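Numbering of ligands and ligand atoms starts at 1, following listing order. All values reported here derive from a predicted model rather than from experimental measurement.
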Amino acid sequence: MSYKHILIAVDLTDECHPVVERALGIVARNEATVSLVHIVEPMAMAFGGDVPMDLSLLQQQQFDQARERLQSFAGRYPQLGEEQRCLAYGQPRQELHRLAEEQGCDLIVVGSHGRHGLALLLGSTANDVLHGAPCDVLAVRLKKPKD
Ligand code: AMP
């Protein structure tokens, strides 16, 4: 079975490069199309959705900064052109599922910290994305768990 369109989800930290490298290996072997996606999380979400002020200017700045960061992050990968980069606004799980469906992706690749204990109960983006995903999800282990 081969994948046709692979969505790579990145939080734009350096930690996320192994996710892209792993995904690009699969892209090359499958001769697949690729989308590199970052989701900008609305500030109101960080404050629990209850902020008594207009955040639209801050949100625009946040979006502009994310665009620059995505450009510099993707600069490492000459095979990823402008048209393969995508920024969306919202909750990562919801937006990644929406984009995967919209673009007809058959694999989403995310990083996973291999959390356990309380951190696992609190959840992670990888866990979140897995639930209800419209296609396969590959969680690339980012760090070895401490024994
Ligand atoms: P986390 O468990 O939240 O630290 O995130 C683990 C992985 O989820 C990252 O390595 C990314 O693959 C993905 N991810 C986290 N936040 C975002 C985001 N805002 N946009 C896209 N992908 C994300």
Side-chain angles (χ1 to χ4, degrees), residues 3-30 32-49 51 55-147:
Y3 290 110
K4 303 223 173 332
H5 191 156
I6 297 174
L7 185 157
I8 314 174
V10 289
D11 58 12
L12 302 180
T13 61
D14 282 344
E15 205 183 55
C16 227
H17 286 295
V19 177
V20 183
E21 281 151 22
R22 178 68 63 87
L24 287 179
I26 302 171
V27 168
R29 283 195 296 281
N30 289 262
T33 304
V34 60
S35 301
L36 184 75
V37 173
H38 176 68
I39 312 299
V40 181
E41 293 180 67
M43 296 228 167
M45 277 185 191
F47 292 106
V51 193
L55 291 174
S56 53
L57 184 62
L58 276 177
Q59 287 177 341
Q60 185 57 50
Q61 286 173 350
Q62 196 191 5
F63 206 79
D64 292 344
Q65 275 175 11
R67 195 190 311 281
E68 277 173 31
R69 289 179 61 208
L70 179 60
Q71 195 160 339
S72 126
F73 183 95
R76 252 200 219 199
Y77 308 100
Q79 62 273 61
L80 292 175
E82 288 276 352
E83 65 288 352
Q84 279 139 325
R85 302 174 203 165
C86 176
L87 265 188
Y89 202 67
Q91 200 265 332
R93 171 184 187 269
Q94 198 178 318
E95 287 306 301
L96 291 169
H97 288 180
R98 182 184 65 76
L99 286 167
E101 232 159 3
E102 224 173 71
Q103 301 187 1
C105 297
D106 43 11
L107 178 67
I108 300 174
V109 184
V110 290
S112 163
H113 291 98
R115 296 180 175 99
H116 27 243
L118 186 60
L120 181 63
L121 285 178
L122 289 173
S124 68
T125 307
N127 260 339
D128 238 20
V129 170
L130 186 60
H131 293 287
C135 60
D136 289 359
V137 177
L138 171 66
V140 177
R141 176 62 66 93
L142 294 176
K143 277 185 200 158
K144 279 188 185 165
K146 285 177 200 141
D147 293 320

Short version for E15: what comes under 4.0 Å of ligand 1, heavy atoms counted, is neither

At under 4.0 Å between heavy atoms, what of V109 touches ligand 1? The answer is neither

With only distance considered, is [X] within less than 3.5 Å of ligand 1 through an N or O on each side?
X: T125; value: yes
X: A9; value: yes
X: G111; value: yes
X: I39; value: yes

Exercise. According to the interplanar angle, ranging from 0 to 90°, do the rings of Y77 and H17 count as parallel (below 30°), tilted (30 to 60°) or perpendicular (above 60°)?
Worked result: tilted

Working to the nearest 0.5 angstrom, can you tell me the gap between [X] [atom1] and [Y] [atom2]?
X: R85; Y: L70; atom1: CZ; atom2: CG; answer: 6.5 Å
X: Q61; Y: S56; atom1: CD; atom2: OG; answer: 10.0 Å
X: Q79; Y: Q84; atom1: CD; atom2: CD; answer: 8.5 Å
X: H97; Y: D128; atom1: NE2; atom2: CG; answer: 8.0 Å
X: Q71; Y: R69; atom1: CD; atom2: CZ; answer: 13.5 Å

Counting each atom of ligand 1 from 1 as listed, which ones have a heavy atom of [X] under 4.0 Å away?
X: V37; value: 21 (C)
X: S124; value: 2 (O)
X: V110; value: 12 (O)
X: L142; value: 10 (O)

- request: Would you mind reporting whether R76 and V20 have side-chain heavy atoms less than 4.5 Å apart?
  value: no

| I8 near ligand 1 by a heavy-atom separation under 4.0 Å | no

Exactly one candidate in D136, T33, I26 meets side-chain contact (heavy atoms from CB on, under 4.5 Å) with I6; the answer is I26

